[in-house]
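I have placed the structure first, in the form of structure tokens, so that the comments after it can refer back to it.
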Amino acid sequence: MAVMSRKVPVTNPWDSVKGLVIQLLAEATSLESGTIQESVEIPPDPTLGDLAATIAFQLAKQLKKNPANIAGDIAGRMAERIKSEPVLSRIESKGPYLNVFLDRGQFAKYTIQAANGLGRQYGRTDAYTGKRALIEFPAVNPSKPWHIGHARNAVIGDTLGNILDAAGYDVVKLDYINDLGLQIAQLCWRMMQQPVPQEQPNMKYDQYLGRLYVEVQKSFENDEQAEKQIREVARQLEDLNSDAANTSAVMVTKCLLAQCQTAYRLGIYHQYQVWESMIAHSGLLDMAREIMLKCDNVVKLEEGEKAGCIVVRLDTIEEFKDMQEPYKVLFRSDGTRTYTGADVALQMWKFGIIQDPLRYQVFDHQPNGKDVLRTSLKGRKSRIGKFDVVFNVIGSEQAQPQRLIYTILDLLGYKKESENSHHIAYAFVDVEGTDLSGRKGTWIGYSCDEVLDKATELAREEVAKRNPDESDDFKDKVATQVGTGAVRYMLLKASPDRKITFRWSEALDFDGDAAPYLQYSHARAQRILEKAGEIVSAPADLTLLSTEVEFALVKAIAMFPQEVLDVVRGLKKSTWGTSFDCNRLTSYCYGLANLFSRFYDSCPVLKAEPAVAAARLELVKAFKMTMANCLEVLGIPVVERM
RNA sequence: GGGCGCGUCGUCUAGCUAGGACAGGGCGCCGGCCUUCGGAGUCGGAUGUCGCAGGUUCGAAUCCUGCCGCGCCCGCCA
């Protein structure tokens, strides 16, 4: 069998074996392999089998026979053929189900050779090589620190990027900086007031600004005069030479640098930042407007309430038929853009529909060694290029506005681009009763930094308890890895469409289904390999790995590449956004760690007889590699000792 | 009013897109396991009207219809 005898390690062992089973079922039944593929599943209990097919149910309808009899017939017909495949052991019918058993030893060999042969590449595939994906996140206003809800956005976006990258995509991560919003105007207004607010010397700038904003908000709400002035500041911000714009530029830069420190703590890096003020002055909006006006559905209204506005007519679209107002304003009567208008223009830019008029310069040198570029008036032209797919990570409350943008893109004639526009939606994080509001200041105490601080602090205590003789440097380093890993994992393990109620007791629970458990399993594997270094050197016979527990671990290792691909294939558009099952990968990773823990408990490695020890060591290596690769995709630090 | 999402042991949650074998986990609770490579572990136990009511099907947590509860969205705002 060609697939099974390749010299080069297979990239996707589970899928290869499943493919083989499908092939054999097709030979035995004359059903389409597509039909069979859909019916092949994993039995609920491994004692039933390793793979199962429910084709007997479908055939029962056609043949008008009892499905159990049909399954029995097929099993009988396939028995011999199965024996000729080394990785397969036997087929059984159990009622209407067809259950296939793998040969444990052969499959262990097959899988471990794949994982250890590919090493850090294991889990990566070239399924989407050649495609370019742009991900925009988290687009936090540069007027406050990230709170834990912003962190959810950022971690989802970052992890999506890693997963797409593993599937072969060329991924670009982009952040959108709204430095022209009302929040910025409010802060600038305050900055230009007497007395000039004093910066808190011991406080991060974003933290300080976020608190100042809560204060300013009160003036805005209660003082009509102040509100009027703030509106004026907002207008001035559009003029890059104004005092307001200069004040803003300094303030926003300082705030953004502070926010970036939070991102870096979470291991999150970007290639580009798009600043709204630069978009406003780049000519991009004018270019977009021209293109839009060529479309029949975009018109400048001459009369009525919206006279002078450039609007898009939505009444031709089924979905918006029931809308009270069929005209959506893109450019106001004074010529300025609405958010919808700007968003459509930006989306067009992302797909390369508008030639890039922006210039770029380095904003910061990131700890990953790479520069993040920001849009600017002065810098250089860049080759950011066109993208095949665009993902915008935004809260689910923006589902309709996002869909509207993609619909308008379609109306403008960019059908493909519309289809390839994805809103990665996620529900908000709240805090037992209240939401996290920048305005009301309810985020105070729940900023991402504070959560990371507390998690790291607790991790420091635990590390110190377990490693009393280690250096402070060691303890600090590991505490950081454990603390940040725990926070990232907590945010990823919840399905994005489910709201998270943040609780300290859960965030700081390092037992059970949490990142430290995963990191711990890796550290244990690492320790075994370290100790083995001095002892074992015999060439391993991997077919010796055949106990229940070993086999379960082997299967989990074999499934990793397919798990990654399944998450990518699961990115499907719905009315409310595009589904992204980041929790599926955390769940896989937890299961993998769990199986290793069982193996660790019941299968001694170093104390086993030499031949078994050699084989188990290879299994430990394969596990460690897979766990490390999976953690890397999740953005959770890989820990050698903890 | 229209639209979207959520509702699963005490609690948090997976599974729902492609219906299938006793609904999986975590925390908490009860009880075992350190003369075995790190106990952030492991083994066992108790705990469930899968929001409610119908329907489709050989078979429904999953699909359809109608309700109920919670949250969110429907501006030349930002």
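So that the names make sense, note that chain A is the first sequence line, chain B the second, and so on, each numbered from 1. Just so it is clear, the model here is predicted, and its values are computed rather than measured.
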Between rG41(B) and Asn594(A), is there an OP1 or OP2 to side-chain N/O distance shorter than 4.0 Å?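 False: Asn594(A) side-chain N/O out of range (4.0 Å or more) of rG41(B) OP1/OP2.
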Can a side chain N or O of Tyr517(A) be found less than 4.0 Å away from OP1 or OP2 on rC27(B)?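 No, because none of the side-chain N or O atoms of Tyr517(A) sits under 4.0 Å from OP1 or OP2 of rC27(B).
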In whole angstrom, give the distance that lies between atom [atom1] of [X] and atom [atom2] of [N].
| X | N | atom1 | atom2 | result |
| --- | --- | --- | --- | --- |
| Leu458(A) | rA40(B) | CG | P | 13 Å |
| Ile42(A) | rA21(B) | CD1 | C1' | 15 Å |
| Arg231(A) | rC76(B) | CZ | P | 15 Å |
| Asp45(A) | rG24(B) | CG | P | 10 Å |
| Ile394(A) | rC73(B) | CD1 | P | 14 Å |
| Met490(A) | rG26(B) | CE | P | 20 Å |
| Ile55(A) | rA18(B) | CD1 | C1' | 17 Å |
| Leu98(A) | rA21(B) | CG | P | 16 Å |

So which one's nearest nucleotide on RNA chain B is more toward 5', Arg337(A) or Ala52(A)?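 With Ala52(A) and Arg337(A) compared, the 5'-side residue is Ala52(A).
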Does Leu48(A) or Gln183(A) map to a spot on RNA chain B nearer the 5' end, using the closest nucleotide for each?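 Its nearest nucleotide lies further toward 5', so the answer is Leu48(A).
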[atom1] atom, [N] versus [M]: distance in rounded Å?
| N | M | atom1 | result |
| --- | --- | --- | --- |
| rC12(B) | rU49(B) | P | 16 Å |
| rC30(B) | rC68(B) | C1' | 37 Å |
| rU17(B) | rC64(B) | P | 9 Å |
| rG3(B) | rC67(B) | P | 11 Å |
| rC73(B) | rC22(B) | P | 43 Å |
| rG31(B) | rC70(B) | C1' | 39 Å |
| rA14(B) | rA78(B) | P | 37 Å |
| rG7(B) | rC63(B) | P | 12 Å |

Please pick, from rG25(B), rA40(B), rA21(B), the nucleotide with the shortest atom-to-atom distance to any side-chain atom of Tyr590(A).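 It is rG25(B).
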Across all strands shown, which nucleotide pairs with [N] by Watson-Crick or G-U wobble geometry, both distances under 3.5 Å?
| N | result |
| --- | --- |
| rG28(B) | none |
| rC58(B) | rG20(B) |
| rG7(B) | rC68(B) |
| rG1(B) | rC74(B) |
| rG41(B) | rC33(B) |

Report which part of the nucleic acid [X] touches: base, sugar-phosphate, or nothing (heavy-atom distance under 4.0 Å, all strands).
| X | answer |
| --- | --- |
| Asn99(A) | base |
| Ala427(A) | nothing |
| Gln519(A) | nothing |
| Glu397(A) | sugar-phosphate |
| Val463(A) | base |
| Pro43(A) | base |

Should we count [atom1] of [X] as having more than 12 external heavy atoms under 6.0 Å?
| X | atom1 | value |
| --- | --- | --- |
| Lys94(A) | NZ | no |
| Arg313(A) | CZ | no |
| Glu221(A) | CD | yes |
| Arg439(A) | CZ | no |

Please list residues of residues 508-516 of chain A whose heavy atoms come under 4.0 Å from any atom in RNA chain B, ordered by number; otherwise none.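 Those residues whose heavy atoms fall under 4.0 Å from RNA chain B, taken from residues 508-516 of chain A in numerical order, are Asp509(A), Phe510(A), Asp511(A), Gly512(A), Asp513(A), Pro516(A).
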Quick one: salt bridge (charged side-chain N to carboxylate O under 4.0 Å, His left out) partners of Arg598(A), sequence neighbours excluded?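 In terms of salt bridge (charged side-chain N to carboxylate O under 4.0 Å, His left out), with neighbours along the sequence ignored, Arg598(A) is linked to no residue.
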Summary of protein contacts for [range], nucleotide by nucleotide, where a base hit scores B, a sugar-phosphate-only hit scores S (4.0 Å, heavy atoms):
| range | answer |
| --- | --- |
| nucleotides 32-38 of chain B | ----SBB |
| nucleotides 4-17 of chain B | SSSSB----SSS-- |
| nucleotides 56-66 of chain B | ----------- |

Do the side-chain N and O atoms of [X] and [Y] include a donor-acceptor pair separated by under 3.5 angstrom?
| X | Y | answer |
| --- | --- | --- |
| Asp435(A) | Ser437(A) | no |
| Tyr176(A) | Asn392(A) | no |
| Tyr426(A) | Asp497(A) | no |
| Gln481(A) | Gln519(A) | no |
| Gln347(A) | Ser421(A) | yes |

Report yes if the side chains of Phe101(A) and Ile91(A) come closer than 4.5 Å at any heavy-atom pair, otherwise no.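 No - every pair of side-chain heavy atoms lies 4.5 Å or more apart.
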Pairs in or reaching into residues 569-592 of chain A: which pass salt bridge (charged side-chain N to carboxylate O under 4.0 Å, His left out), with residues at least two apart or in two chains?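 Applying salt bridge (charged side-chain N to carboxylate O under 4.0 Å, His left out) to every pair that reaches into residues 569-592 of chain A, excluding sequence neighbours, yields Glu563(A)-Arg584(A), Asp566(A)-Arg584(A).
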Using 4.0 Å as the upper bound for N to carboxylate O, is an ion pair formed by Glu457(A) and Lys454(A)?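 Salt bridge between Lys454(A) and Glu457(A), a charged N being under 4.0 Å from a carboxylate O: no.
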Using a strict cut-off of less than 4.0 Å between a Lys/Arg side-chain nitrogen and an Asp/Glu carboxylate oxygen, indicate whether Glu462(A) and Arg466(A) qualify as a salt bridge.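 Answer for the salt bridge query: yes.
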Pair of N/O donor and acceptor under 3.5 Å linking rA78(B) base with Asn141(A) side chain: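 In this structure, the two groups form no donor-acceptor pair.
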Once the angle between the rings of Tyr517(A) and Tyr590(A) is folded into 0 to 90°, is it parallel (under 30°), tilted (30 to 60°) or perpendicular (over 60°)?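 Tyr517(A) vs Tyr590(A) ring planes: tilted.
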Just say parallel, tilted or perpendicular for the rings of His150(A) and His147(A), cut-offs at 30° and 60°.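 The rings of His150(A) and His147(A) lie parallel, inter-plane angle below 30°.
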About how many Å separate SG of Cys630(A) and CG of Leu634(A), when rounded to the nearest 0.5 Å?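 Going from the CG atom of Leu634(A) to the SG atom of Cys630(A) covers 5.0 Å.
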Syn versus anti for rC34(B), judged by chi lying within 90° of 0?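 Base orientation relative to the sugar is syn.
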